[in-house]
K.L.:
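Take this structure first; my questions come after.
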Amino acid sequence: MQNSSDMTSDATEVTGSLNLFNATRRRWKIVLLVFIIIFSMIVFYTHRQTPIYQTVSTIEINPPSGVGDKEFSATETIAYLKSRALAKKVVQRLNLGWQATVSSPQLEVRIEEFVASHSLPRVKISLTGPTEFTLSDTSGRFLARGKSGELLETDSISLLLHIHNGHAGQSLNVVRQPVAHHIETFLSSLEVMSLGEDSQVLNIVMRGEDPKQISDAVNQLIDIYQASFIQESGQEGSRIDNRIAEVTRSLELAEKELRDYRKLNGLSEHVPQGELLIGKATKLEQEKTGLEWQLSQIRLATDRLQKAIKNKTAFVAPRIEGAPRLSAEVTRLAALESRKQTLLVDFTEAHPKVEEVLEELMAAKRELLSLYAATGRELEQEKQRLVKNIADFDTQLNQAPEAELTKRIRAWDAQAELLNFLQEKQRDTREIELRAVNTVRVIDPAIIPETSIKPDKIKNYALGGLLALFLGISSALFLSFIDPTFKTIDEIRSKLNLPIYGVIPRIPLFKEGTELPVAVLSPKAPVVEAFRALRTRLHYVTEKQRHKIIMVTSTLPGEGKSTVSANLSVVLSMTGAKVLLIGCDLRRPTLHKVFREENEPGLVELLRDKQPSSVRKLKNPRFDFLPAGVVPENPSEILESKRMRKFLVMARDLYDYVVIDAPPVLPVTDAEILAPLADVNLVVLEPCRVPAKAALQMVKSLQDVGANISGIVINDKTGRGFKYYGSYSYYGNRNFAGYYGESLDELQDGALESLIKKVWGKLNG
């Protein structure tokens, strides 16, 4: 039982897959149309997209010791690189705050440098030649004259631009733009990633529409970031250099005075008796110099901190040795600054979280300012103590023998010790500067990308093709779902509760303009076997009756009932039976065209005027044919007349088979009149065209007049039914063409086309 259930489930899945495939194949034109439309839209959208380029730079961060005395943090470094402060500097350095509006689309202008005073919001550049131009302000006042590729400098403007495809008469306006917008655009296009957890190697990625601009922006960002390390040590080194120059001049003067005094008094090698006091005084001077240096650093830090508080900017603290309380507070302040920069990556300064950090920063700055003041007072007191001690030693030196020589030696010695102290500080500063220069090592600089990363055409086309195919198939399935027509033979059989007498496949025309029945033109064709199968079915169900009247009708016009009637008559006559084919469609007669006969005289003339010449004896095919005749005003009355009934009774006695080509059921009542007079009623049904409701109404209409519907003949005249239910259309399958002798498709094709199809069939066999 379990195996039976599994087999049923597998069969259901296979049937569902086949139905899906057949439904798609049936509406392949819809699938193709939707595919072309959707795929064309995707191609159009892809080509309309602005190309986006990407550049990448890889750097290694080696924080110099002595600048902040802080360990490396990838999170803080990334936050600083993505800070608005650095972004603003990049925007200003790349002149992104200025926008050029070109009057001519052929003119290409690249502004490499543009610095203008704030009082000048706009300038106009007018070309006087291919590379020459003049500058004017908003009022048209002449400002300067310049040339492409050459730096133009005036009191209010510094401009360097490059002109391509220019000629005299062209112009462009350069307008100052809000910097905030460009900063946000820069930050939204920038991405900084660490190559590992707290790795010192970072990738700086930028995307944008201008490949040169994004590569320049990344390189400028790295330069500005590196310069931030050098700036502090550079300022301190400059101060020390200036102080060393002053002390060097003082030392040279003291040495000259000492040398002149000794020379004047003949004391060139003489050492005074107060040398011990000089050493003690020099040691105090050294302590005093160290205190003065600390005081100068505190005054410098205080000035910087006061400016930072006033301008609400970041504070960079100078190094102050021997003050642990200050170092701890500076570290706390740096942590708050880092936290602020991290938040500013995602939020503006108006965000509550940023405002909270700003308040903490301001409180920390004020507290540090108080510590600076307190530390300064303590150092000042210590300095005054040293000054007093040094003064006491100076008094002792003045009372000692050879006081003048001792005084001059002490002055020279004090300047020499001060110079040694400053030179030591200078060496420390130079070392810090050297480490600061090597803080940022560029492993891979940002280069100008040659190809865009967006749109990814191959990816778009691939996904677009899949999407278009999916939508096409979905459209076909949706149309199949809402299709009110019969889609399968099982559906026809179950809903109409009628047997299927035959399935006629599509009849291809192998000769242009041919109107004879296919059973006459190509009796060995596979499609003719479908009519022979129908004949066999009729023989089986009517074997006890020698004389039969077979009426062929349909639900709607155009389902191929006349084609079925004609070919059925032909195959019936092939057995040697006497066959009469009557055209009873008196409203739109077409059957006479199939046999290339005149329509008049016909059935109407036979019933009205009793013209026996109305019946034609055809030679090929060999049976009798009665066309409809002239179109009467009262077709229904003629078919319902006693003469019509007597004629059919007589015809049943004279012929083995009488085939009636009747009008469709639903449009007119003619078929309802003829159906009770026939022995066999066949309804031709075109699949995938006739709505199920119409077919049901047709059955009800015939049953209401007491007619017995013998069965359904499915006429797949367009081939859509074969694509839908496949295996039922056995005679339309090309795989069986050779078995039946010849294929209409082969007769239709030329020699080359037939050869190609045979080769393709072998390859797919």
Side-chain angles (χ1 to χ4, degrees), residues 485-486 492 496 498-507 515-520 527-528 530-531 533-535 537-538 548-572 579-595 599 602-603 621 623 625-628 631 635-636 639 657-675 677-691 694-695 697-699 701-702 707-721:
T485 64
F486 289 118
I492 296 173
L496 298 184
L498 293 171
I500 305 300
Y501 268 39
V503 178
I504 310 299
R506 181 180 67 88
I507 304 175
E515 294 173 347
L516 288 173
V518 65
V520 176
V527 66
V528 179
F531 291 105
L534 175 60
R535 179 187 66 190
R537 176 72 172 174
L538 288 172
K548 304 108 182 174
I549 296 177
I550 304 170
M551 186 190 79
V552 180
T553 184
S554 62
T555 306
L556 300 172
E559 294 187 64
K561 61 178 181 57
S562 297
T563 301
V564 173
S565 301
N567 284 281
L568 177 60
S569 300
V570 173
V571 296
L572 286 172
V579 179
L580 172 63
L581 173 61
I582 305 174
C584 288
D585 191 345
L586 305 184
R587 301 172 189 270
R588 297 177 60 184
T590 59
L591 196 58
H592 63 284
K593 296 179 181 179
V594 175
F595 299 100
N599 191 37
L603 177 63
F623 63 80
F625 170 56
L626 178 60
V631 177
S636 299
L639 295 176
Y657 295 99
V658 178
V659 180
I660 297 176
D661 178 34
V665 175
L666 293 187
V668 293
T669 61
D670 298 3
E672 298 175 23
I673 296 171
L674 295 171
L677 306 177
D679 301 307
V680 176
N681 289 306
L682 297 179
V683 177
V684 176
L685 182 66
E686 182 183 354
C688 305
R689 174 174 175 254
V690 178
Q697 180 61 38
M698 176 270 298
V699 173
S701 298
L702 292 178
N708 179 32
I709 303 175
S710 302
I712 302 294
V713 177
I714 297 176
N715 183 29
D716 190 13
K717 58 184 292 186
T718 61
R720 291 185 296 176

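This one's a predicted model, so the numbers in the text were calculated from it and none came from an experiment.
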K.L.:
Atom CG in Leu674, atom CG in Asn681: separation rounded to 0.5 Å?
P.N.:
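CG of Asn681 is found 9.0 Å from CG of Leu674.
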
K.L.:
Does Pro635 reach the side chain of Val668, with side-chain heavy atoms less than 4.5 Å apart?
P.N.:
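No, side chains not in contact.
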
K.L.:
Yes or no on side-chain contact (heavy atoms from CB on, under 4.5 Å) for Leu538 and Ile550, after CA distance, side-chain angles and deciding distance?
P.N.:
CA-CA 9 Å; Leu538 288 172; Ile550 304 170; 3.9 Å; yes

K.L.:
So, does Asn599 use its side chain to make a donor-acceptor pair with the main chain of His592 at under 3.5 Å?
P.N.:
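Absent.
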
K.L.:
Got a second to check how far Leu534's CG is from Ile504's CD1, nearest 0.5 Å?
P.N.:
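Leu534 atom CG to Ile504 atom CD1 measures 5.5 Å (nearest 0.5 Å).
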
K.L.:
Going through the distances and angles, do Leu677 and Ile549 end up as a side-chain contact (heavy atoms from CB on, under 4.5 Å)?
P.N.:
CA-CA 8 Å; Leu677 306 177; Ile549 296 177; 6.0 Å; no

K.L.:
Minimum heavy-atom separation for Cys584 to Leu603, with atom names?
P.N.:
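Minimum heavy-atom separation between Cys584 and Leu603: SG-CD2, 3.8 Å.
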
K.L.:
Could you state the interatomic distance from CG (Leu685) to CD (Glu559), rounded to the nearest 0.5 Å?
P.N.:
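Taking CG in Leu685 and CD in Glu559, the distance rounds to 5.5 Å.
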
K.L.:
Roughly how far apart are Ser569 OG and Leu580 CG, rounded to 0.5 Å?
P.N.:
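So the gap between those two atoms works out to 8.5 Å.
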
K.L.:
Using 30° and 60° as the class limits, which term best fits the ring planes of Phe595 and Phe623: parallel, tilted or perpendicular?
P.N.:
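Because their plane-to-plane angle is over 60°, the rings of Phe595 and Phe623 count as perpendicular.
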
K.L.:
Are any of the side-chain heavy atoms of Pro691 and Leu556 separated by less than 4.5 Å?
P.N.:
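When only atoms from C-beta onward are counted, Leu556 and Pro691 do touch, with a gap below 4.5 Å.
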
K.L.:
Going by heavy atoms in the side chains, are Val665 and Leu702 under 4.5 Å from each other?
P.N.:
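Side-chain contact under 4.5 Å: yes.
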
K.L.:
For the residue pair Pro621 and Val570, what are the closest heavy atoms and their distance?
P.N.:
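So the minimum-distance heavy-atom pair works out to CG-CG2, 3.8 Å.
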
K.L.:
Any chance you could measure Ile714, atom CD1, to Ile500, atom CD1, to the nearest 0.5 Å?
P.N.:
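Those atoms lie 4.5 Å apart.
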
K.L.:
Restricting to non-hydrogen atoms, name the atom on Val564 and the atom on Phe531 that form the minimum distance, rounded to 0.1 Å.
P.N.:
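Smallest heavy-atom distance, with atoms named: CA-CE2, 4.0 Å.
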
K.L.:
Mark yes or no for whether Lys561, through its side chain, and Ala662, through its backbone, hold a donor-acceptor pair below 3.5 Å.
P.N.:
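Confirmed, Lys561 side chain pairs with Ala662 backbone.
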
K.L.:
Check whether any side-chain heavy atom of Val680 sits under 4.5 Å from a side-chain heavy atom of Met551, and report yes or no.
P.N.:
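Contact flag for Val680/Met551 side chains = no.
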
K.L.:
Side chains of Val552 and Val659, heavy atoms from C-beta outward: is any pair under 4.5 Å?
P.N.:
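Yes. Closest side-chain heavy atoms under 4.5 Å.
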
K.L.:
So, for Leu586 and Val631, which heavy atoms are closest and what is the spacing to 0.1 Å?
P.N.:
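It is O-CG1, 3.4 Å.
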
K.L.:
Testing the basics here: between Arg587 and Ser636, what is the closest heavy-atom pair and its distance to 0.1 Å?
P.N.:
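Between these two residues, the closest heavy atoms are NH2-OG, 2.9 Å.
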
K.L.:
Does Glu686 offer a backbone N or O that forms a donor-acceptor pair with the side chain of Asn715 under 3.5 Å?
P.N.:
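No, the answer is negative, given that no donor and acceptor are paired below the 3.5 Å cut-off.
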
K.L.:
Locate the shortest heavy-atom distance separating Leu591 from Ser562; write the atom from each residue and the value.
P.N.:
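Result for this residue pair: CD1-O, 3.7 Å.
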
K.L.:
Rounded to the nearest 0.5 Å, what's the gap from OG1 on Thr553 to CG on Leu666? Could you check?
P.N.:
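Going from OG1 on Thr553 over to CG on Leu666, the span is 9.0 Å.
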
K.L.:
So, Ser554 side chain and Val683 main chain: donor-acceptor pair closer than 3.5 Å or not?
P.N.:
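Looks like no, no N/O pair under 3.5 Å.
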
K.L.:
Closer than 3.5 angstrom, by distance alone: can the side chain of Ser710 be matched with the main-chain N or O of Leu682 as a donor-acceptor pair?
P.N.:
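Between the backbone of Leu682 and the side chain of Ser710 there is no qualifying donor-acceptor contact (under 3.5 Å).
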
